[in-house]
Amino acid sequence: MTNEGYNDEADSTLNTEEDREILKKALDEEKAKAEVNLAGWQRIQADFINYKRRCEQELSETTQFSNAALLLSLLPVLDDFDRAFNSFPAELSRQDLGWVEGIRMVERKFRTTLERLGLSRIETAGKSFDPRLHEAVRQGKGKEGMIIQEVEQGYKLHDKILRPAKVMVGNGENTVEEE
C-alpha cells in the first residue's frame, strides 16, 4: 500500500503544480484584460473631459457671439450717426440747441450699450495698415503702409473682427518732403 500511497502523493503534487501553472496563466490573462480595460476606461474618461471642455467652450462662444448678426445689422445706424454729426453745420454745433444735444445723448447711450455687449472700434488713426483689421479701399499720397484716412469705421466683437475698417493707405509718394 505504501507504493500506492506514494503514487497518489506524486499525482496530487503533479496536479497541484499543473493547477498552479494553469491558475498562474489564467491570472496573467485576467491581469492583461484588466490593464486593457483600465486603459480603455482612462481613454474614455479623457475623451469625456475633453468633450465637456469643448461643450463649455462652445456654449461660452455661442453666448458671447450670439448677438453678432444683430450687432452687424446695427453698425449702419452707428455710421449714420457719425455722418449726421459730421454734416451738422458749425453754427448748430456752437448753439445751445436742445434737440442737437438730445441726438448726441441718444448716440452716446446707443454706443455705450453696444460697448457693454463687447463691441469696440478698430483704431486706424496713425496706425500702419494691418490686413487682419483693415481693408484697403484706396491709395493716396502719404507714408507707405500707413493709414492716411478712414473711409468706414471697423468694429470688433470681443476679440473677433465683426467688420474690418475700410481705409486709405499711403503709397509712398511725398515721403521725402514729409521727412
Side-chain angles (χ1 to χ4, degrees), residues 40-179:
W41 176 81
Q42 288 172 334
R43 269 193 311 276
I44 289 171
Q45 184 180 25
D47 287 345
F48 178 72
I49 289 169
N50 290 335
Y51 170 76
K52 187 176 175 183
R53 188 178 310 127
R54 254 191 331 272
C55 286
E56 288 170 355
Q57 182 180 2
E58 287 174 3
L59 180 62
S60 173
E61 286 179 2
T62 300
T63 303
Q64 194 173 38
F65 296 104
S66 63
N67 295 328
L70 174 64
L71 292 175
L72 190 59
S73 68
L74 293 175
L75 293 182
V77 177
L78 286 177
D79 295 337
D80 290 343
F81 271 121
D82 289 338
R83 278 191 287 277
F85 293 140
N86 290 334
S87 69
F88 275 173
E91 61 271 2
L92 282 180
S93 295
R94 284 179 276 207
Q95 294 176 4
D96 189 24
L97 297 174
W99 66 271
V100 173
E101 188 54 35
I103 292 173
R104 288 190 194 278
M105 287 174 58
V106 169
E107 185 266 345
R108 280 193 298 269
K109 190 178 222 178
F110 183 56
R111 202 172 286 278
T112 302
T113 301
L114 295 178
E115 287 171 358
R116 268 191 263 125
L117 293 173
L119 188 73
S120 61
R121 283 183 171 215
I122 296 174
E123 295 298 320
T124 59
K127 303 279 183 183
S128 61
F129 177 76
D130 182 352
R132 294 172 294 155
L133 303 173
H134 310 118
E135 180 181 336
V137 293
R138 283 188 271 165
Q139 275 191 327
K141 293 181 180 182
K143 189 173 181 182
E144 186 172 358
M146 295 298 289
I147 296 171
I148 54 177
Q149 182 183 355
E150 181 179 81
V151 177
E152 184 179 67
Q153 181 65 54
Y155 293 93
K156 292 190 294 184
L157 180 59
H158 303 289
D159 59 343
K160 292 189 179 185
I161 303 300
L162 198 55
R163 180 177 81 183
K166 294 181 181 172
V167 296
M168 180 188 285
V169 181
N171 60 7
E173 291 181 29
N174 291 341
T175 55
V176 175
E177 294 173 13
E178 291 172 4
E179 292 174 0

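Position 1 is the first residue of the sequence, and the numbers go up from there. Values below: all heavy atoms of this structure, side chains included; hydrogens, waters and symmetry mates excluded.
Every salt bridge (Lys or Arg N to Asp or Glu O under 4.0 Å) that E107 has, sequence neighbours left out, goes to R111. Among residues two or more places apart in sequence or in another chain, the salt bridge (Lys or Arg N to Asp or Glu O under 4.0 Å) test is passed with R138 by none. Residues passing the side-chain contact (heavy atoms from CB on, under 4.5 Å) test with I148 are M168, sequence neighbours excluded.
Taking the charged nitrogens against the carboxylate oxygens, D82 and R121 do have a contact shorter than 4.0 Å, which makes a salt bridge. A salt bridge links R163 with E152: at least one charged nitrogen is closer than 4.0 Å to a carboxylate oxygen.
Contact annotation: the side chain of K156 approaches that of S120 to within less than 4.5 Å [non-hydrogen atoms, C-beta and beyond]. F81 places a side-chain heavy atom less than 4.5 Å from the side chain of I103. Using a 4.5 Å heavy-atom threshold, the side chains of N67 and L119 count as separate. Taking the side chain as every heavy atom from C-beta outward, V169 and V137 never approach each other to under 4.5 Å. Between Q153 and L78 the shortest side-chain heavy-atom distance does not fall below 4.5 Å.
Looking only at atom types and distance, the side chain of N50 has a donor-acceptor partner in the side chain of R53 under 3.5 Å away.
In this structure, CZ on F129 lies 9.5 Å from CD on Q139, to the nearest 0.5 angstrom. Taken from CG in D130 to CD1 in I147, the straight-line distance is 8.5 Å, to the nearest 0.5 Å.
A cation-pi contact, defined as under 6.0 Å to the ring centre and within 45° of the axis, links R104 to F85.
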